[in-house]
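Counting starts at 1 for both ligands and their atoms, in listed order. Since the model is a prediction, treat every value here as computed from it, not as a measurement.
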Amino acid sequence: MEKIILTGDRPTGQLHVGHYVGSLRRRVELQNSGEYDKIFIMTADAQALTDNFDNPDKIRKNIMEVALDYLSVGLDPAKSTLFIQSQIPELTELTFYYMNLVTVSRLQRNPTVKSEIQMRNFEASIPVGFLCYPISQAADITAFKATTVPVGDDQLPMIEQTREIVRKFNSVYDEVLVEPDALLPENAACMRLPGIDGKAKMSKSLGNCIYLADDPKEVEKKIMSMYTDPLHIQVSDPGHVEGNAVFTYLDAFCKPEHFERYLPDYANLDELKAHYTRGGLGDVKIKRFLNKVMQEELEPIRARRKEYEKDMAAVYEILKAGSETARAAAAQTLDEVKKAMKIDYFNGQSLI
Ligand code: TRP
């Protein structure tokens, strides 16, 4: 069986370092591993509209931003198909047929949907489109017969629902769809990188993100203002590494060779943590180290972005061509789905 990746992001803002360690970095590694037959990376604008339907400008504005973020982290249009969800009508069509295979109560029990309903105060007035977005996500994944979906753990309920839909479809109709597996980030820090204020989530509205597009000065300023341990007042005080954003970021970004280069007094992160916990290690020193580590990782991303920014027409063409390629793949699956559902009236076997 072919190994196929499908994943994507909602274009509700620029992508930040949380997206990077949570998924983007891994996607590029998988792309360059050569182990996958096809890779589809989707800008999920239709899904973004399910809770931003009244703000289409926001979504439109971020289409090119997200494309630049993708290209600048190293997603390569020669290896990965970058496309826009709304430009593939086959996805909407699949969603409609899958709706028959899912109950309302099952959607309401989806933990991610549940918490989003609370967050957005939808309660008694949930838009149907929003409630159904897990079904549309199942269409995204199955249209490409994806075997692997690299995502954060908040997306696990979506993958689970997709698997249920696949099993139901295949047992009611015919073995057409493929059950995907989620691929999670490598460690807990990457799973959910906190904001620079130490809050559990990076979000534009909280103003606590480091964006991939931030310049070196901004990144440094944000790192130097980062939340650490409120009980670590004097350098000599014992410090806490748990819940300390600087250490969480180090867990996500730092590699052993960074110590050789930037902080040779320590062999690795465990030693640095031990010193901090004992006391005698100041916040400024660990922040400066983190700054060096992150600047090193972000520099090639910024350089690539600058190159692509010079030729936005080429970026536009990448999305357009990618959307055409993606559409052809989804159309093939939709044909098989319609055949299995016996609604392929004008193809092959005559109706009369
Ligand atoms: N729900 C994902 C997010 O919030 C975006 C998304 C839409 C997605 N369709 C997908 C991710 C299919 C993986 C597979 O970012």
Side-chain angles (χ1 to χ4, degrees), residues 4-16 18-24 26-27 30-31 36 38-52 58-59 62-63 65-67 69-70 73 75 80-88 90-92 94-95 98 107 110-117 119-120 129-166 177-185 190-193 201-204 209 212 322-323 326 329-330 333:
I4 300 174
I5 289 177
L6 177 290
T7 189
D9 302 273
R10 298 182 188 190
T12 51
Q14 292 182 312
L15 302 184
H16 50 61
H19 294 110
Y20 181 68
V21 296
S23 176
L24 297 171
R26 171 66 79 75
R27 286 181 209 174
L30 296 171
Q31 168 193 274
Y36 288 85
K38 290 180 198 143
I39 302 175
F40 295 95
I41 310 289
M42 179 182 76
T43 305
D45 63 332
Q47 184 175 112
L49 283 166
T50 65
D51 63 341
N52 288 279
K58 171 168 142 190
I59 307 306
N62 283 303
I63 296 288
E65 285 299 329
V66 171
D69 285 326
Y70 283 164
V73 297
L75 288 171
S80 297
T81 302
L82 308 185
F83 72 99
I84 306 176
Q85 187 184 28
S86 64
Q87 303 309 297
I88 321 296
E90 286 77 5
L91 298 178
T92 330
L94 285 172
T95 303
Y98 294 171
L107 287 166
N110 181 309
T112 302
V113 172
K114 234 170 143 173
S115 73
E116 283 173 317
I117 287 172
M119 238 164 57
R120 288 168 180 68
F130 177 79
L131 188 66
C132 293
Y133 94 72
I135 305 178
S136 134
Q137 191 155 338
D140 303 335
I141 296 168
T142 55
F144 300 95
K145 305 210 169 157
T147 49
T148 309
V149 188
V151 280
D153 62 345
D154 63 319
Q155 296 297 305
L156 284 179
M158 304 303 158
I159 312 296
E160 194 44 49
Q161 269 216 278
T162 301
R163 293 170 65 94
E164 285 173 32
I165 289 170
V166 168
L177 304 179
V178 175
E179 264 190 71
D181 287 309
L183 190 63
L184 292 178
C190 294
M191 204 86 86
R192 195 146 302 181
L193 201 69
K201 213 173 138 63
M202 258 193 217
S203 99
K204 193 178 177 142
C209 308
L212 293 171
S323 297
T333 305

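In this structure, Tyr36 has no ring pair (Phe, Tyr, Trp, His ring centres under 6.0 Å) partners at least two apart in sequence or on a different chain. With sequence neighbours left out, Arg163 forms a salt bridge (Lys or Arg N to Asp or Glu O under 4.0 Å) with Glu179, Asp181. Considering only residues two or more places apart in sequence or on other chains, Asp51 meets the salt bridge (Lys or Arg N to Asp or Glu O under 4.0 Å) condition with Arg10, Arg120.
Atom-to-atom distance recorded for Arg26:CZ and Leu24:CG is 12.5 Å, nearest 0.5 angstrom.
Salt bridge absent: Lys201 and Asp154 never bring a charged side-chain N and a carboxylate O closer than 4.0 Å.
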Tabulating one pair per line, provide the atom names and distances (0.1 Å) for every N/O atom of ligand 1 that is less than 3.5 Å from a protein N/O atom.
from     : atom 1 : to     : atom 2 : distance (Å)
ligand 1 : 1 (N)  : Gln47  : OE1    : 2.7
ligand 1 : 1 (N)  : Gln137 : OE1    : 3.1
ligand 1 : 1 (N)  : Gln155 : OE1    : 2.9
ligand 1 : 4 (O)  : Arg10  : NE     : 3.3
ligand 1 : 9 (N)  : Asp140 : OD2    : 2.8

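Looking at Ser136 and Leu91, their side chains never come closer than 4.5 Å, going by heavy atoms from C-beta outward.
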